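Here the structure is a predicted model, which is why all the values come from computation and not from measurement. Computation of the quantities below employed the complete heavy-atom set of this structure, encompassing side-chain atoms and omitting hydrogens, waters and symmetry-equivalent molecules. By convention in this document, chain letters (A, B, ...) are assigned in the order of the sequence lines, proteins followed by strands, and residues within each chain are numbered from 1.
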There are 2 protein chains.
Amino acid sequence: MSSASLMSNRRFQVRETVLDSALYLFAQKGFFNTSIPDIVAHSGVSTGSIYHHFSDKEEIARALYDRHVQQMDVLINAIEAQYPQSEMRCRKIILALFELTEKEPMVMAYMLHARHQEFMPDVAPVCSSRPFQRMREVVAKGMRDGEIRRMDSMVAAVSVFGGAMKFIQFYLDGVLERSLSDYFDELWCNAWASVRA
Amino acid sequence: MSSASLMSNRRFQVRETVLDSALYLFAQKGFFNTSIPDIVAHSGVSTGSIYHHFSDKEEIARALYDRHVQQMDVLINAIEAQYPQSEMRCRKIILALFELTEKEPMVMAYMLHARHQEFMPDVAPVCSSRPFQRMREVVAKGMRDGEIRRMDSMVAAVSVFGGAMKFIQFYLDGVLERSLSDYFDELWCNAWASVRA
DNA sequence: GTCTATACTGCGATAGAC
DNA sequence: GTCTATCGCAGTATAGAC
(Lines give C-alpha, C1' and ligand atoms only; values in the text may rest on other atoms or scores of the structure.)
Protein backbone atom coordinates (compact mmCIF):
# COMPACT_ATOMS: atom_id res chain seq x y z
CA MET A 1 0.00 0.00 0.00
CA SER A 2 1.40 3.38 -0.99
CA SER A 3 1.96 6.02 1.67
CA ALA A 4 -0.47 8.30 -0.16
CA SER A 5 -3.36 5.84 0.11
CA LEU A 6 -2.37 5.10 3.70
CA MET A 7 -2.65 8.77 4.51
CA SER A 8 -5.94 9.14 2.75
CA ASN A 9 -7.21 6.07 4.62
CA ARG A 10 -6.31 7.65 7.93
CA ARG A 11 -7.94 10.83 6.79
CA PHE A 12 -11.02 8.85 5.87
CA GLN A 13 -11.03 7.09 9.25
CA VAL A 14 -11.07 10.30 11.28
CA ARG A 15 -13.85 11.73 9.17
CA GLU A 16 -15.92 8.59 9.64
CA THR A 17 -15.34 8.60 13.40
CA VAL A 18 -16.56 12.18 13.61
CA LEU A 19 -19.54 11.46 11.35
CA ASP A 20 -20.52 8.43 13.44
CA SER A 21 -20.55 10.52 16.59
CA ALA A 22 -22.39 13.33 14.86
CA LEU A 23 -25.00 10.85 13.64
CA TYR A 24 -25.50 9.54 17.16
CA LEU A 25 -25.78 12.98 18.71
CA PHE A 26 -27.80 14.66 15.95
CA ALA A 27 -30.28 11.77 15.93
CA GLN A 28 -30.51 11.77 19.73
CA LYS A 29 -30.65 15.47 20.55
CA GLY A 30 -30.81 17.27 17.24
CA PHE A 31 -28.30 19.45 15.43
CA PHE A 32 -28.83 22.56 17.53
CA ASN A 33 -28.62 20.76 20.86
CA THR A 34 -25.31 19.21 19.85
CA SER A 35 -22.24 21.34 20.42
CA ILE A 36 -18.77 20.83 19.01
CA PRO A 37 -17.55 20.00 22.55
CA ASP A 38 -20.24 17.27 22.60
CA ILE A 39 -18.81 15.78 19.43
CA VAL A 40 -15.29 16.08 20.82
CA ALA A 41 -16.30 14.20 23.99
CA HIS A 42 -18.21 11.48 22.15
CA SER A 43 -15.74 10.89 19.31
CA GLY A 44 -12.48 11.38 21.18
CA VAL A 45 -11.32 13.61 18.33
CA SER A 46 -10.11 17.06 19.37
CA THR A 47 -11.67 20.36 18.37
CA GLY A 48 -8.65 21.29 16.30
CA SER A 49 -8.69 18.02 14.45
CA ILE A 50 -12.39 18.27 13.73
CA TYR A 51 -11.91 21.73 12.24
CA HIS A 52 -9.00 20.42 10.26
CA HIS A 53 -11.32 17.91 8.55
CA PHE A 54 -14.50 19.98 8.36
CA SER A 55 -14.79 23.69 7.70
CA ASP A 56 -17.59 24.15 10.22
CA LYS A 57 -20.41 22.39 12.04
CA GLU A 58 -22.73 22.72 9.09
CA GLU A 59 -20.31 20.83 6.88
CA ILE A 60 -20.38 17.91 9.29
CA ALA A 61 -24.16 17.81 8.92
CA ARG A 62 -23.87 18.01 5.15
CA ALA A 63 -21.26 15.25 4.89
CA LEU A 64 -23.45 13.06 7.10
CA TYR A 65 -26.47 13.76 4.93
CA ASP A 66 -24.57 12.93 1.74
CA ARG A 67 -23.20 9.73 3.24
CA HIS A 68 -26.66 8.40 3.98
CA VAL A 69 -28.35 9.63 0.84
CA GLN A 70 -25.76 7.50 -0.89
CA GLN A 71 -26.37 4.56 1.45
CA MET A 72 -30.05 4.63 0.57
CA ASP A 73 -29.27 5.01 -3.10
CA VAL A 74 -27.09 1.89 -3.04
CA LEU A 75 -29.97 0.02 -1.40
CA ILE A 76 -32.26 0.97 -4.26
CA ASN A 77 -29.63 0.09 -6.86
CA ALA A 78 -29.43 -3.45 -5.49
CA ILE A 79 -33.20 -3.84 -5.59
CA GLU A 80 -33.60 -2.47 -9.09
CA ALA A 81 -30.83 -4.76 -10.30
CA GLN A 82 -32.52 -7.83 -8.85
CA TYR A 83 -36.21 -7.18 -9.56
CA PRO A 84 -37.60 -5.93 -12.88
CA GLN A 85 -41.26 -5.57 -11.86
CA SER A 86 -42.44 -2.38 -10.16
CA GLU A 87 -44.62 -4.20 -7.67
CA MET A 88 -41.71 -6.24 -6.36
CA ARG A 89 -39.42 -3.22 -6.40
CA CYS A 90 -41.82 -1.19 -4.25
CA ARG A 91 -42.31 -4.11 -1.87
CA LYS A 92 -38.59 -4.64 -1.49
CA ILE A 93 -37.84 -0.96 -1.07
CA ILE A 94 -40.30 -0.72 1.80
CA LEU A 95 -38.88 -3.87 3.37
CA ALA A 96 -35.36 -2.51 3.01
CA LEU A 97 -36.36 0.79 4.63
CA PHE A 98 -38.08 -1.05 7.49
CA GLU A 99 -34.97 -3.14 8.01
CA LEU A 100 -32.72 -0.10 7.93
CA THR A 101 -34.99 1.63 10.43
CA GLU A 102 -34.82 -1.25 12.89
CA LYS A 103 -31.09 -1.91 12.44
CA GLU A 104 -29.93 1.69 12.26
CA PRO A 105 -32.68 3.87 13.69
CA MET A 106 -30.29 6.79 13.99
CA VAL A 107 -29.75 6.86 10.24
CA MET A 108 -33.47 7.05 9.58
CA ALA A 109 -34.01 9.52 12.40
CA TYR A 110 -31.43 11.82 10.88
CA MET A 111 -32.56 11.34 7.30
CA LEU A 112 -36.33 11.48 7.78
CA HIS A 113 -36.96 13.31 11.03
CA ALA A 114 -34.43 16.10 11.04
CA ARG A 115 -35.39 19.48 9.59
CA HIS A 116 -32.30 19.69 7.40
CA GLN A 117 -33.20 23.02 5.93
CA GLU A 118 -32.96 24.66 9.34
CA PHE A 119 -29.23 24.01 9.54
CA MET A 120 -28.30 23.47 5.87
CA PRO A 121 -29.96 26.48 4.21
CA ASP A 122 -29.12 25.53 0.65
CA VAL A 123 -30.15 21.85 0.73
CA ALA A 124 -33.35 20.67 -0.95
CA PRO A 125 -36.02 18.94 1.16
CA VAL A 126 -35.32 15.21 1.73
CA CYS A 127 -38.25 14.22 -0.42
CA SER A 128 -36.41 15.77 -3.39
CA SER A 129 -33.26 13.74 -2.75
CA ARG A 130 -32.24 11.05 -5.19
CA PRO A 131 -33.54 8.00 -3.30
CA PHE A 132 -37.00 9.48 -2.93
CA GLN A 133 -37.05 10.68 -6.52
CA ARG A 134 -36.22 7.15 -7.58
CA MET A 135 -39.00 5.68 -5.45
CA ARG A 136 -41.43 7.91 -7.30
CA GLU A 137 -39.86 6.87 -10.59
CA VAL A 138 -40.40 3.19 -9.79
CA VAL A 139 -44.09 3.94 -9.32
CA ALA A 140 -44.25 5.99 -12.52
CA LYS A 141 -42.71 3.10 -14.42
CA GLY A 142 -45.28 0.73 -12.91
CA MET A 143 -47.97 2.99 -14.30
CA ARG A 144 -46.44 3.06 -17.77
CA ASP A 145 -46.13 -0.73 -17.71
CA GLY A 146 -49.77 -1.18 -16.73
CA GLU A 147 -49.06 -2.65 -13.29
CA ILE A 148 -50.58 0.43 -11.66
CA ARG A 149 -53.82 2.20 -12.61
CA ARG A 150 -53.54 5.49 -14.50
CA MET A 151 -53.62 8.37 -12.04
CA ASP A 152 -51.59 11.39 -10.95
CA SER A 153 -48.09 10.08 -10.38
CA MET A 154 -47.67 11.89 -7.08
CA VAL A 155 -50.93 10.42 -5.80
CA ALA A 156 -49.75 6.97 -6.86
CA ALA A 157 -46.37 7.35 -5.16
CA VAL A 158 -47.94 8.59 -1.94
CA SER A 159 -50.52 5.78 -1.99
CA VAL A 160 -47.79 3.17 -2.34
CA PHE A 161 -45.15 4.58 0.01
CA GLY A 162 -46.99 7.08 2.24
CA GLY A 163 -48.28 4.59 4.76
CA ALA A 164 -44.92 2.89 5.13
CA MET A 165 -43.17 6.21 5.65
CA LYS A 166 -45.73 7.13 8.28
CA PHE A 167 -45.09 3.83 10.04
CA ILE A 168 -41.37 4.52 10.08
CA GLN A 169 -42.12 7.85 11.69
CA PHE A 170 -44.28 6.14 14.32
CA TYR A 171 -41.53 3.63 14.98
CA LEU A 172 -38.95 6.35 15.48
CA ASP A 173 -41.35 8.25 17.74
CA GLY A 174 -41.74 5.10 19.82
CA VAL A 175 -45.52 4.91 19.55
CA LEU A 176 -45.63 1.43 17.99
CA GLU A 177 -46.41 -1.65 20.06
CA ARG A 178 -44.78 -4.19 17.79
CA SER A 179 -41.82 -4.27 15.42
CA LEU A 180 -42.11 -2.63 12.02
CA SER A 181 -41.93 -5.89 10.08
CA ASP A 182 -44.96 -7.20 11.97
CA TYR A 183 -47.09 -4.60 10.24
CA PHE A 184 -45.66 -5.05 6.79
CA ASP A 185 -48.01 -7.63 5.27
CA GLU A 186 -51.25 -5.87 6.16
CA LEU A 187 -49.81 -2.51 5.25
CA TRP A 188 -48.51 -3.64 1.88
CA CYS A 189 -51.77 -5.38 1.09
CA ASN A 190 -53.64 -2.09 1.61
CA ALA A 191 -51.12 0.04 -0.22
CA TRP A 192 -50.96 -2.13 -3.31
CA ALA A 193 -54.72 -2.70 -3.37
CA SER A 194 -55.21 1.06 -3.60
CA VAL A 195 -53.20 1.43 -6.83
CA ARG A 196 -52.99 -1.87 -8.72
CA ALA A 197 -54.48 -1.99 -12.17
CA MET B 1 -66.92 45.58 30.97
CA SER B 2 -65.18 45.21 34.32
CA SER B 3 -61.65 46.51 34.75
CA ALA B 4 -60.52 42.99 35.59
CA SER B 5 -61.72 41.57 32.30
CA LEU B 6 -60.33 44.57 30.46
CA MET B 7 -56.97 43.88 31.99
CA SER B 8 -57.11 40.21 31.19
CA ASN B 9 -58.11 41.10 27.62
CA ARG B 10 -55.08 43.31 27.25
CA ARG B 11 -52.96 40.59 28.75
CA PHE B 12 -54.46 38.18 26.25
CA GLN B 13 -53.79 40.57 23.37
CA VAL B 14 -50.08 40.90 24.08
CA ARG B 15 -49.68 37.16 24.43
CA GLU B 16 -51.43 36.62 21.09
CA THR B 17 -49.26 39.23 19.36
CA VAL B 18 -46.14 37.50 20.60
CA LEU B 19 -47.49 34.07 19.65
CA ASP B 20 -48.37 35.28 16.15
CA SER B 21 -44.85 36.54 15.60
CA ALA B 22 -43.36 33.40 17.08
CA LEU B 23 -45.52 31.30 14.76
CA TYR B 24 -44.32 33.27 11.76
CA LEU B 25 -40.67 33.08 12.73
CA PHE B 26 -40.64 29.48 14.00
CA ALA B 27 -42.41 28.28 10.87
CA GLN B 28 -40.09 30.30 8.64
CA LYS B 29 -36.69 29.72 10.24
CA GLY B 30 -37.26 27.24 13.03
CA PHE B 31 -37.13 27.60 16.80
CA PHE B 32 -33.35 27.62 17.11
CA ASN B 33 -32.80 30.14 14.34
CA THR B 34 -35.26 32.52 15.98
CA SER B 35 -33.85 34.70 18.73
CA ILE B 36 -35.76 36.69 21.32
CA PRO B 37 -34.51 39.89 19.60
CA ASP B 38 -36.08 38.54 16.37
CA ILE B 39 -39.42 38.19 18.15
CA VAL B 40 -39.02 41.66 19.66
CA ALA B 41 -38.37 43.16 16.22
CA HIS B 42 -41.22 41.33 14.50
CA SER B 43 -43.86 41.74 17.21
CA GLY B 44 -42.97 45.23 18.43
CA VAL B 45 -43.20 43.94 21.98
CA SER B 46 -40.13 44.60 24.14
CA THR B 47 -37.88 41.96 25.68
CA GLY B 48 -39.01 42.88 29.18
CA SER B 49 -42.65 42.60 28.25
CA ILE B 50 -42.17 39.24 26.57
CA TYR B 51 -40.49 37.90 29.68
CA HIS B 52 -43.28 39.35 31.78
CA HIS B 53 -45.79 37.18 29.87
CA PHE B 54 -43.67 34.10 29.26
CA SER B 55 -41.15 32.55 31.61
CA ASP B 56 -38.74 31.71 28.81
CA LYS B 57 -38.42 31.04 25.10
CA GLU B 58 -39.50 27.45 25.53
CA GLU B 59 -42.76 28.53 27.11
CA ILE B 60 -43.56 30.60 24.04
CA ALA B 61 -43.11 27.49 21.92
CA ARG B 62 -45.29 25.48 24.30
CA ALA B 63 -48.10 28.05 24.40
CA LEU B 64 -48.04 28.18 20.61
CA TYR B 65 -48.21 24.42 20.40
CA ASP B 66 -51.13 24.25 22.83
CA ARG B 67 -52.99 26.98 20.96
CA HIS B 68 -52.91 25.05 17.71
CA VAL B 69 -53.50 21.61 19.16
CA GLN B 70 -56.69 23.16 20.45
CA GLN B 71 -57.45 24.78 17.08
CA MET B 72 -57.21 21.39 15.41
CA ASP B 73 -59.26 19.78 18.13
CA VAL B 74 -62.06 22.29 17.60
CA LEU B 75 -62.00 21.46 13.89
CA ILE B 76 -62.51 17.78 14.65
CA ASN B 77 -65.28 18.55 17.15
CA ALA B 78 -67.23 20.38 14.47
CA ILE B 79 -66.86 17.49 12.05
CA GLU B 80 -67.83 14.81 14.55
CA ALA B 81 -70.88 16.83 15.56
CA GLN B 82 -72.06 17.13 11.97
CA TYR B 83 -71.26 13.68 10.54
CA PRO B 84 -72.01 10.39 12.28
CA GLN B 85 -70.40 8.04 9.73
CA SER B 86 -66.69 7.30 9.93
CA GLU B 87 -66.18 7.49 6.18
CA MET B 88 -67.54 11.02 6.01
CA ARG B 89 -65.66 12.02 9.14
CA CYS B 90 -62.34 10.88 7.68
CA ARG B 91 -63.09 12.60 4.39
CA LYS B 92 -63.99 15.85 6.09
CA ILE B 93 -61.02 15.76 8.43
CA ILE B 94 -58.64 15.44 5.50
CA LEU B 95 -60.43 18.24 3.66
CA ALA B 96 -60.26 20.44 6.75
CA LEU B 97 -56.54 19.78 7.16
CA PHE B 98 -55.93 20.54 3.48
CA GLU B 99 -57.84 23.79 3.84
CA LEU B 100 -55.96 24.73 6.99
CA THR B 101 -52.66 23.97 5.25
CA GLU B 102 -53.48 26.24 2.33
CA LYS B 103 -54.98 29.05 4.42
CA GLU B 104 -52.51 28.95 7.30
CA PRO B 105 -49.44 27.10 6.11
CA MET B 106 -47.45 28.42 9.06
CA VAL B 107 -49.74 26.64 11.49
CA MET B 108 -49.28 23.32 9.76
CA ALA B 109 -45.56 23.90 9.29
CA TYR B 110 -45.17 24.46 13.00
CA MET B 111 -47.47 21.64 14.03
CA LEU B 112 -46.35 18.94 11.60
CA HIS B 113 -42.87 19.85 10.47
CA ALA B 114 -41.20 21.15 13.61
CA ARG B 115 -39.25 18.71 15.77
CA HIS B 116 -41.00 19.79 18.96
CA GLN B 117 -39.10 17.40 21.18
CA GLU B 118 -35.85 19.15 20.37
CA PHE B 119 -36.97 22.32 22.12
CA MET B 120 -39.75 21.06 24.41
CA PRO B 121 -38.09 18.06 26.07
CA ASP B 122 -41.13 16.89 27.99
CA VAL B 123 -43.74 17.08 25.22
CA ALA B 124 -45.03 13.90 23.54
CA PRO B 125 -44.60 13.49 19.76
CA VAL B 126 -47.29 15.30 17.72
CA CYS B 127 -48.77 12.02 16.58
CA SER B 128 -49.71 11.37 20.22
CA SER B 129 -51.49 14.69 20.59
CA ARG B 130 -55.26 14.76 21.01
CA PRO B 131 -56.24 15.61 17.42
CA PHE B 132 -54.20 12.76 16.00
CA GLN B 133 -55.40 10.34 18.66
CA ARG B 134 -58.93 11.24 17.71
CA MET B 135 -58.27 10.69 14.01
CA ARG B 136 -57.16 7.17 14.87
CA GLU B 137 -60.25 6.73 17.04
CA VAL B 138 -62.52 7.69 14.14
CA VAL B 139 -60.94 4.91 12.10
CA ALA B 140 -61.23 2.42 14.98
CA LYS B 141 -64.92 3.24 15.29
CA GLY B 142 -65.35 2.72 11.55
CA MET B 143 -63.91 -0.73 12.01
CA ARG B 144 -66.24 -1.58 14.90
CA ASP B 145 -69.20 -0.35 12.86
CA GLY B 146 -68.24 -2.49 9.88
CA GLU B 147 -67.46 0.42 7.55
CA ILE B 148 -63.80 -0.60 7.51
CA ARG B 149 -62.38 -4.11 7.14
CA ARG B 150 -60.99 -5.79 10.24
CA MET B 151 -57.28 -5.17 10.49
CA ASP B 152 -54.68 -3.72 12.83
CA SER B 153 -56.03 -0.33 13.84
CA MET B 154 -52.73 1.46 13.31
CA VAL B 155 -52.47 0.03 9.80
CA ALA B 156 -56.02 1.19 9.11
CA ALA B 157 -55.35 4.70 10.40
CA VAL B 158 -52.17 5.02 8.39
CA SER B 159 -53.87 3.69 5.25
CA VAL B 160 -56.65 6.27 5.57
CA PHE B 161 -54.66 9.32 6.65
CA GLY B 162 -51.03 8.54 5.77
CA GLY B 163 -51.21 9.62 2.16
CA ALA B 164 -52.96 12.88 2.98
CA MET B 165 -50.41 13.72 5.66
CA LYS B 166 -47.61 13.00 3.20
CA PHE B 167 -49.25 15.35 0.69
CA ILE B 168 -49.42 18.09 3.29
CA GLN B 169 -45.72 17.62 3.85
CA PHE B 170 -45.06 17.86 0.12
CA TYR B 171 -47.14 21.01 -0.05
CA LEU B 172 -45.22 22.63 2.78
CA ASP B 173 -41.93 21.59 1.18
CA GLY B 174 -43.05 23.29 -2.02
CA VAL B 175 -42.64 20.24 -4.24
CA LEU B 176 -46.26 20.14 -5.44
CA GLU B 177 -47.25 21.48 -8.83
CA ARG B 178 -50.91 22.08 -8.07
CA SER B 179 -52.96 23.03 -5.02
CA LEU B 180 -53.68 20.42 -2.36
CA SER B 181 -57.39 20.26 -3.05
CA ASP B 182 -56.70 19.33 -6.69
CA TYR B 183 -55.30 16.02 -5.50
CA PHE B 184 -58.00 15.25 -2.97
CA ASP B 185 -60.46 13.18 -5.03
CA GLU B 186 -57.93 10.75 -6.44
CA LEU B 187 -56.14 10.50 -3.13
CA TRP B 188 -59.29 9.85 -1.13
CA CYS B 189 -60.47 7.29 -3.66
CA ASN B 190 -57.24 5.32 -3.16
CA ALA B 191 -57.17 5.68 0.61
CA TRP B 192 -60.74 4.56 1.16
CA ALA B 193 -60.47 1.76 -1.39
CA SER B 194 -57.61 0.31 0.62
CA VAL B 195 -59.63 -0.10 3.82
CA ARG B 196 -63.37 -0.22 3.12
CA ALA B 197 -65.23 -3.34 4.07
C1' DG C 1 -2.35 16.42 11.48
C1' DT C 2 -3.46 16.70 16.22
C1' DC C 3 -3.65 18.82 20.35
C1' DT C 4 -4.82 22.68 24.27
C1' DA C 5 -6.03 27.05 25.29
C1' DT C 6 -8.54 30.97 24.26
C1' DA C 7 -10.72 34.88 21.61
C1' DC C 8 -15.01 36.48 20.11
C1' DT C 9 -19.86 36.74 19.42
C1' DG C 10 -24.54 36.55 20.02
C1' DC C 11 -28.22 35.21 22.78
C1' DG C 12 -31.16 34.19 26.80
C1' DA C 13 -32.45 36.20 30.72
C1' DT C 14 -32.46 39.94 34.38
C1' DA C 15 -32.25 44.58 36.64
C1' DG C 16 -34.27 48.46 37.56
C1' DA C 17 -36.26 53.01 35.93
C1' DC C 18 -40.71 54.70 34.70
C1' DG D 1 -46.91 46.20 32.79
C1' DT D 2 -43.58 48.02 29.67
C1' DC D 3 -39.38 49.72 28.52
C1' DT D 4 -33.86 50.07 27.86
C1' DA D 5 -29.59 48.61 29.21
C1' DT D 6 -26.71 45.07 30.37
C1' DC D 7 -24.88 40.78 32.52
C1' DG D 8 -23.21 36.19 32.10
C1' DC D 9 -22.43 32.35 29.50
C1' DA D 10 -22.44 28.85 26.06
C1' DG D 11 -20.63 27.67 22.00
C1' DT D 12 -18.21 28.35 17.45
C1' DA D 13 -14.13 28.88 15.57
C1' DT D 14 -9.07 30.11 15.71
C1' DA D 15 -4.17 30.45 17.27
C1' DG D 16 -0.22 28.42 17.83
C1' DA D 17 2.68 24.78 20.16
C1' DC D 18 4.12 20.16 19.16
Checklist entry - Is there any salt bridge (charged side-chain N to carboxylate O under 4.0 Å, His left out) pair reaching into residues 27-49 of chain A, and which pairs are they, with sequence neighbours excluded? => result K29(A)-D38(A)

Got a list of side-chain donor-acceptor pairs under 3.5 Å for residues 103-111 of chain A, not counting sequence neighbours?
from: E104(A); atom 1: OE2; to: Q71(A); atom 2: NE2; distance (Å): 3.2
from: Y110(A); atom 1: OH; to: A61(A); atom 2: O; distance (Å): 2.8

Item to check | Non-neighbouring partners of D73(A) that pass side chain to side chain contact (heavy atoms under 4.5 Å, CB included), sequence neighbours left out | outcome: R130(A), P131(A), R134(A)

Item to check | L75(B): side chain to side chain contact (heavy atoms under 4.5 Å, CB included) partners, not counting sequence neighbours | outcome: A96(B), L100(B)

Quiz: residues 161-178 of chain B side-chain donor-acceptor pairs under 3.5 angstrom, not counting sequence neighbours:
from: K166(B); atom 1: NZ; to: Q169(B); atom 2: OE1; distance (Å): 3.1
from: R178(B); atom 1: NH2; to: D152(A); atom 2: OD2; distance (Å): 2.8

Checklist outcome for this item: DNA chain D in dot-bracket form (Watson-Crick or G-U pairs under 3.5 Å, [ ] crossing, | inter-strand) is ||||||||||||||||||

Do any N or O atoms of the protein come closer than 3.5 Å to N or O atoms of nucleotides 11-13 of chain C, and which pairs are they?
from: dG12(C); atom 1: OP1; to: K57(B); atom 2: NZ; distance (Å): 2.9
from: dG12(C); atom 1: OP2; to: I36(B); atom 2: N; distance (Å): 2.7
from: dA13(C); atom 1: OP2; to: Y51(B); atom 2: OH; distance (Å): 3.1
from: dA13(C); atom 1: OP2; to: K57(B); atom 2: N; distance (Å): 3.2

Checklist entry - Among all residues two or more places apart in sequence or in another chain, which pass the side chain to side chain donor-acceptor pair (under 3.5 Å) test with T47(B)? => result none

Checklist entry - What nucleotide, of dT2(C), dT4(D), dG1(C), holds the atom closest to the side chain of S46(B)? => result dT4(D)

Checklist entry - Got more than 12 heavy atoms from elsewhere within 6.0 Å of CZ, F184(B)? => result yes

Item to check | Which residues share a side chain to side chain contact (heavy atoms under 4.5 Å, CB included) with D56(A), sequence neighbours left out | outcome: E58(A), E59(A)

Item to check | Atom-pair distance (CD1 on I50(B); P on dC3(D)), nearest Å | outcome: 9 Å

Next on the checklist: Going by side chain to side chain contact (heavy atoms under 4.5 Å, CB included), name the residues that satisfy it together with D20(A), two or more places apart in sequence or in a different chain.
Outcome noted: R67(A)

Item to check | Pairs satisfying ring pair (Phe, Tyr, Trp, His ring centres under 6.0 Å), at least one member in residues 49-100 of chain A, at least two apart | outcome: Y65(A)-H116(A)

Next on the checklist: Please give me every residue in residues 59-67 of chain A whose heavy atoms get under 4.0 Å of an atom in DNA chain D, ordered by residue number.
Outcome noted: none

Checklist entry - Can you tell me how far C1' of dA13(D) sits from CD1 of I39(A), to the nearest Å? => result 13 Å

Next on the checklist: So for atom CZ, which belongs to F32(A), do other residues, nucleotides or ligands contribute more than 12 heavy atoms lying within a distance under 6.0 Å?
Outcome noted: yes

Checklist entry - Are OP1 or OP2 of dT2(D) and a side-chain N or O of H52(B) less than 4.0 angstrom apart? => result no

Checklist entry - Roughly, in whole Å, what's the span from CZ in R15(A) to C1' in dT2(C)? => result 16 Å

